[in-house]
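Below you'll find the structure, written out as structure tokens, and then a few comments.
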Amino acid sequence: MTVTRFAPSPSGAIHLGNARTALFNWLLARRDGGQFLLRIEDTDAERSSEAYAQQIETDLEWLGLGWDGQIVRQSARSAVYADAFETLERAGRVYPCYCTPLEINISRKSQLAAGKPPRYAGTCRHLTAEQRATREAEGREPTLRFRVPDDGRVEFLDLVHGEQAFQCADIGDFIIRRADGTASFFFSNIVDDALMGVTTVLRGEDHLSNTPRQLLIAMALDLKAPDYGHISLITAMDGSPLSKRAGAKSVAELGADGYLPIALVNQLYRLGHSSDLTGLQDLPTLAQHFNPAHLVRSPARWDPVQLAVWQKDAVHALSADEALAWMRPQLPQGLDESTARAFVAAVQANVVVPQDVADWAAVIFGEGMIQAESGPPATPTLSPDFAAAAITALRTHGADWSALTQAVKAATGAKGPALFKPLRLALTGRDHGPELGPILALMGVERAIARLEASTGP
RNA sequence: GCUCCUUUCGUCUAGAGGCCCAGGACAUAGCCCUCUCAAGGCUGUAACACGGGUUCGAAUCCCGUAAGGAGCGCCA
């Protein structure tokens, strides 16, 4: 059975890259009828926060990516890691390291300055029992380092990149247990994947060069490592890493901006994954067509323009109820239900983001003159007889669009664009938008007359 | 610095030696439809990073260069 997982660290908001990783793993599990697990990697108490852990759940649920079973928290699994540490200690695969962060830092810097790889120098690798005792006596709290073999290589088959091989000699001994006794990422991550029965891990390419370390741990512990697929990173439009500074928003922020989860999901689905699927699709369809073999190796750009397109499709695809719920925050307080529904029906095809909804709400329900959205101010001038005919029609027939147009047509002879354009401009302040019939009905006679009068030229 | 990854239209991508003077989708332009917008239909513009090889033949294989990215953390 396929078992995948999403294993975020609760040290920040879920960003686009994380969201896509979660999506792909979810899709794979759902496609295979397997399981999608959620594991919170909170071994680093200083960086982790409960608020972020909560936000992760909220974001995942909002995206529609439900997980199976209980959420696993690494902070509650220290006993499991302790066992594994002991196994490695007994096997002599690890050793205590008494170097302080400061010492390591200095070493790193001098290695870098000398043009060498900044790796652990191996200072504590061959300490005698006495030397260790001395350091213990000094009160130094050791970390536990994994003894990486001097020779040999680690090979594995990456689901996306194919055969990979790394020389052990290029890998420095790394810490698997911090001085405070907590497990570090390389360690707890692979141990838990194996113990939780995870079969496939789709993760960011930033983990590719670290995979050998984790495989080394798994081998030392005689654990079955999952298959890895390293997906390319998502970048900003200029190819630079996606960052807050580059304008990248978190999932929660995008949601707060009014973007629909299905729009996000559709955009994410196509980044780094090729598919013959076209148009907006729901999660089950996406899962059905998801294929790890179609994962792409090159980085993909996050295009806000494309997101807007998906969002437009997503808004159009909303049912009347969903659309109402989405537009509600932009509607005037206390608007009655049937009017609200009529409004939604009238504008749904013409809005993409909440601001668009707010704009049309202002046009239809707002008092006074209408602000043109941009460009030269809409100062239409209706000829007096044109306006008079329109106003008379409104007084006689009420907010009846066809009665209005027929009356004006009869009175002025205007037809086609010459008839509709001036009316649209006078009524809404802009030269495009939803069908005028429903708009007029929602607007009501009084507002319509006021606007026609305000637009009347000499 | 060392190791690793990547490079096809504006964007997402197809392409695993001849099917490719490179296909699709979105974006974009024009036309049709139409009161406008949206939707829909049709048509168009638009790309193999560069330089060497290998081969009868290369987007596809090899080498190099350039550009971008990742890792080398008591972060994940």
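Predicted model, so just to flag it, every value in this text is computed and none were measured. The chains referred to below are lettered A, B, ... by the order of the sequence lines, with proteins before strands, and numbering in each begins at 1.
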Residue-phosphate contact under 4.0 Å: [X] side-chain N/O, [N] OP1/OP2:
{"X": "A/Arg301", "N": "B/rU6", "value": "no"}
{"X": "A/Arg424", "N": "B/rC35", "value": "no"}
{"X": "A/Thr278", "N": "B/rC26", "value": "no"}
{"X": "A/His207", "N": "B/rC4", "value": "no"}

Return the 5'-most residue of the pair A/Ala349, A/Tyr98 with respect to RNA chain B, ranking by each residue's nearest nucleotide. A/Ala349
Go nucleotide by nucleotide along RNA chain B from the 5' end; which of A/Lys312 and A/Ser274 gets its closest nucleotide reached first? A/Ser274
Atom pair distance, as rounded to whole Å: [atom1] in [X] and [atom2] in [N]:
{"X": "A/Leu271", "N": "B/rU6", "atom1": "CG", "atom2": "P", "value": "17 Å"}
{"X": "A/Lys116", "N": "B/rC2", "atom1": "NZ", "atom2": "C1'", "value": "12 Å"}
{"X": "A/Trp302", "N": "B/rG68", "atom1": "CH2", "atom2": "C1'", "value": "21 Å"}
{"X": "A/Phe146", "N": "B/rC74", "atom1": "CZ", "atom2": "C1'", "value": "17 Å"}
{"X": "A/Leu427", "N": "B/rC37", "atom1": "CG", "atom2": "P", "value": "18 Å"}
{"X": "A/Phe187", "N": "B/rC75", "atom1": "CZ", "atom2": "P", "value": "16 Å"}
{"X": "A/Asp170", "N": "B/rU3", "atom1": "CG", "atom2": "C1'", "value": "5 Å"}
{"X": "A/Leu277", "N": "B/rG24", "atom1": "CG", "atom2": "P", "value": "18 Å"}

Looking at the side chain of [X], which of [options] is the nearest nucleotide?
{"X": "A/Pro299", "options": "B/rU6, B/rC2, B/rA76", "answer": "B/rU6"}
{"X": "A/Val309", "options": "B/rC35, B/rC26, B/rC72", "answer": "B/rC26"}
{"X": "A/Ser298", "options": "B/rU7, B/rA76, B/rG69", "answer": "B/rU7"}
{"X": "A/Val296", "options": "B/rC35, B/rA14, B/rU7", "answer": "B/rA14"}
{"X": "A/Ala300", "options": "B/rA70, B/rC12, B/rC75", "answer": "B/rC12"}
{"X": "A/Thr43", "options": "B/rA76, B/rG69, B/rC75", "answer": "B/rA76"}
{"X": "A/Ile175", "options": "B/rC5, B/rC74, B/rA70", "answer": "B/rC74"}
{"X": "A/Asp206", "options": "B/rC5, B/rG71, B/rG73", "answer": "B/rG71"}
{"X": "A/Arg108", "options": "B/rG73, B/rC35, B/rG1", "answer": "B/rG73"}

Looking for any heavy atom pair under 4.0 Å, which part of the strands does [X] touch: base, sugar-phosphate only, or nothing?
{"X": "A/Arg153", "answer": "nothing"}
{"X": "A/Cys97", "answer": "nothing"}
{"X": "A/Gln167", "answer": "nothing"}
{"X": "A/Thr143", "answer": "base"}
{"X": "A/Gly172", "answer": "nothing"}
{"X": "A/Arg47", "answer": "base"}
{"X": "A/Pro101", "answer": "base"}
{"X": "A/Gln306", "answer": "base"}
{"X": "A/Asp303", "answer": "sugar-phosphate"}
{"X": "A/Pro8", "answer": "nothing"}
{"X": "A/Arg119", "answer": "sugar-phosphate"}
{"X": "A/Phe186", "answer": "base"}
{"X": "A/Asn210", "answer": "base"}

With a 4.0 Å cut-off, would you call [X] and [Y] a salt bridge?
{"X": "A/Arg297", "Y": "A/Asp158", "answer": "no"}
{"X": "A/Glu50", "Y": "A/Arg73", "answer": "yes"}
{"X": "A/Arg47", "Y": "A/Asp42", "answer": "no"}
{"X": "A/Glu103", "Y": "A/Arg140", "answer": "yes"}
{"X": "A/Arg77", "Y": "A/Asp192", "answer": "yes"}

Roughly how many Å apart are [M] and [N], using the [atom1] atom of each and rounding to a whole number?
{"N": "B/rG17", "M": "B/rC74", "atom1": "P", "result": "45 Å"}
{"N": "B/rA66", "M": "B/rA49", "atom1": "C1'", "result": "8 Å"}
{"N": "B/rG23", "M": "B/rC32", "atom1": "C1'", "result": "26 Å"}
{"N": "B/rG1", "M": "B/rC62", "atom1": "C1'", "result": "27 Å"}
{"N": "B/rC5", "M": "B/rA22", "atom1": "C1'", "result": "25 Å"}
{"N": "B/rU60", "M": "B/rC42", "atom1": "C1'", "result": "34 Å"}
{"N": "B/rC19", "M": "B/rC26", "atom1": "P", "result": "26 Å"}
{"N": "B/rA16", "M": "B/rC48", "atom1": "C1'", "result": "15 Å"}

Determine the interplanar angle of the A/Tyr81 and A/Phe187 rings, folded into 0 to 90°, and report it as parallel if under 30°, tilted if 30 to 60°, perpendicular if over 60°. perpendicular
Over 60° means perpendicular and under 30° means parallel, so classify the ring planes of A/Phe365 and A/Phe343, tilted if in between. tilted
Hey, is the main chain of A/Val148 close enough, under 3.5 Å, to the side chain of A/Asp173 for a donor-acceptor pair? yes
Close side-chain approach of A/Pro10 and A/Ser48, heavy atoms under 4.5 Å: yes
Return the nucleotide paired to [N]: Watson-Crick means purine N1 to pyrimidine N3 with N6-O4 or O6-N4, wobble means G-U with N1-O2 and O6-N3, both under 3.5 Å.
{"N": "B/rU65", "result": "B/rA49"}
{"N": "B/rG57", "result": "none"}
{"N": "B/rC42", "result": "B/rG30"}
{"N": "B/rU3", "result": "B/rA70"}
{"N": "B/rA25", "result": "B/rU11"}

Test A/Val154 against A/Cys168 for side-chain contact (heavy atoms from CB on, under 4.5 Å), laying out the working first. CA-CA 7 Å; A/Val154 180; A/Cys168 289; 4.0 Å; yes
